[in-house]
Amino acid sequence: MRTPLSVVIGAGGTGGHIYPGLALADALRRAVPEAVISFVGTERGLETRLIPQAGYRLHTVDMIPFDPALGARRYLLPAALLRSGGQCRAILKEQKAQVAVGMGGYPSAPVIVGARLAGLPSVIHESNAVPGRANKFAARLTPHLALAFDRSREHLAGGERAETVGMPLVGPLADLDRERLRPTARRAFGVPDEARLLLVNGGSLGAARLTEAAVGLAGRYRSRTDLRLLIKTGPAALEETRALLAANGGAAVAEAVPYLDRMDLAYAAADLVVCRAGSATVAELATIGMPAVLVPYPHAPGDHQTHNARVLSDAGAALLLPDAQTSAERLDALVAPLLDDPGRLAAMGAAADPGTHARAADLLAAKVLALAGHQDPAQSHPAEPHPAPLYPAHPHPAHPHPAHPHPTHPTMKESA
């Protein structure tokens, strides 16, 4: 009797690592329904909620971030990595794992260490255009590397061996047809047919700089009937933002919401997006052809969000606006000409290279299956559309509004 497929995935910290891991897990389950898939993370990150909510088991280990800001605590990193690597070795043995996968971020590095200690094959997936510290370290422990963006190859040890598979996306975004969904989406957000919609989307806790600029922009546009703004604030800033919009008249054209639970609806309804440049967000924008103004988070390790943003801005699919220059005045100068020129918006959307992001979960799953000695499902089954994900796009479907306090894709935790 064949041993059931067992895979352990290291993913945690932010949604930018967790959601691609969940997309991979779903792809493995589609290929091998009886597969045993579990995750490794820590007690600190979003994984403690998102992974169990998705129906997968989460093992936690004692790991600390690869972060110089830890000060003297950074000297504890080798001991923490050795300890958590030993914990992962025990987890891999308990799960009878055949393959370990690291999705980046500090919770994934111990999984690769544990696999090395256990003599198991492992693969890492690098989601950013410039790798983070954890994957730079982990790349020295495995010959199997997968990339979301080809330009990260030069920054990884052994990068010449890496395979560019794209960024694994959750089903509703991987298969999104904006034009088909647009009428439904605009009705959901109450956008008049003749109006254009600007979506301002920060991270899971919002982005204070973007929210402040959007409030000022709404005040400037308060008398316009042809424009609407949808501002995701994060929960902490919601009431203050609504009060400011009421005070400056921006409430006439703008709606503030704490979260966007249905990002497929938000993207389909919008004509232009102002957002941070997390790797998953950039991949989503490229896949669906969404024109954007990207404001990279200035404190991202290695300034990786600026490098992510350039994937789109270099192609003419987005404009890049430094965080320090972001204001209502500067946003107005950039977005007003775009919103008044549908032809330019269409050209920006067409300029994005969708690459393999929509198929990335299946491509990465095939790599994992090959390492485990299982047949590549693409060789025995025709390609099928992505089914609904195993985890709900909105965990509480009784609430009909697309804005809901459970984020579909929190790529950033910071409110900045």
side-chain hydrogen bond (donor to acceptor under 3.5 Å, both in side chains) partners for R196, two or more places apart: D226, D340
Test item: side-chain donor near acceptor, Y297 and N308, under 3.5 Å: no
Side chain to side chain contact (heavy atoms under 4.5 Å, CB included) evaluation trace for L265 with M263: CA-CA 5 Å; L265 288 179; M263 281 305 303; over 6 Å; no
Cut-off 3.5 Å, no hydrogens considered: what does the side-chain donor-acceptor table look like for residues 144-151, sequence neighbours left out?
| residue | atom | partner | partner atom | Å |
| --- | --- | --- | --- | --- |
| D150 | OD1 | R153 | NE | 3.2 |
| D150 | OD1 | R153 | NH2 | 2.5 |
| D150 | OD1 | T164 | OG1 | 2.9 |

Residues which pass salt bridge (charged side-chain N to carboxylate O under 4.0 Å, His left out) with D332, listed by chain and number, not counting sequence neighbours: R220
Set of side-chain hydrogen bond (donor to acceptor under 3.5 Å, both in side chains) partners for S127, sequence neighbours left out: S279
side-chain hydrogen bond (donor to acceptor under 3.5 Å, both in side chains) between Q98 and S6, worked out: CA-CA 6 Å; Q98 286 115 45; S6 177; 5.5 Å; no
Beyond-backbone contact of L199 with I231, side-chain heavy atoms, under 4.5 angstrom: no
Those residues that, when tested against E239, pass salt bridge (charged side-chain N to carboxylate O under 4.0 Å, His left out) (two or more places apart): R242
E94: salt bridge (charged side-chain N to carboxylate O under 4.0 Å, His left out) partners, not counting sequence neighbours: R57
Qualifying residues under side-chain contact (heavy atoms from CB on, under 4.5 Å), relative to A213, sequence neighbours excluded: T326, L331
Test item: side-chain donor near acceptor, E43 and T60, under 3.5 Å: yes
Side-chain donor/acceptor of R276 to backbone N/O of N201, under 3.5 Å: no
Pair D175 + R180, salt bridge at N-O below 4.0 Å: no
Could you pull out every donor-acceptor pair under 3.5 Å between side chains of residues 309-321 and any protein atom, sequence neighbours left out?
| residue | atom | partner | partner atom | Å |
| --- | --- | --- | --- | --- |
| S313 | OG | A309 | O | 3.4 |

Non-hydrogen side-chain atoms of L272 and L197 separated by less than 4.5 Å: no
Minimum side-chain heavy-atom gap Y56-R29 below 4.5 Å: yes
side-chain hydrogen bond (donor to acceptor under 3.5 Å, both in side chains) partners for T287, two or more places apart: none
Under-4.0 Å salt bridge between D362 and R30: yes
Ring pair (Phe, Tyr, Trp, His ring centres under 6.0 Å): pairs with one or both residues in residues 308-339, sequence neighbours excluded: none
Shortest non-hydrogen contact between R228 and P192, atoms and distance: NH2-CG, 3.7 Å
Shortest non-hydrogen contact from M348 toward L338: SD-CD2, 3.7 Å
Listed partners of R89 passing salt bridge (charged side-chain N to carboxylate O under 4.0 Å, His left out), at least two apart: none
Contact check, side chains of L285 and Y267, non-hydrogen atoms, under 4.5 Å: yes
Listed partners of E163 passing side-chain hydrogen bond (donor to acceptor under 3.5 Å, both in side chains), at least two apart: K367
Min side-chain heavy-atom separation M167-P20 under 4.5 Å: yes
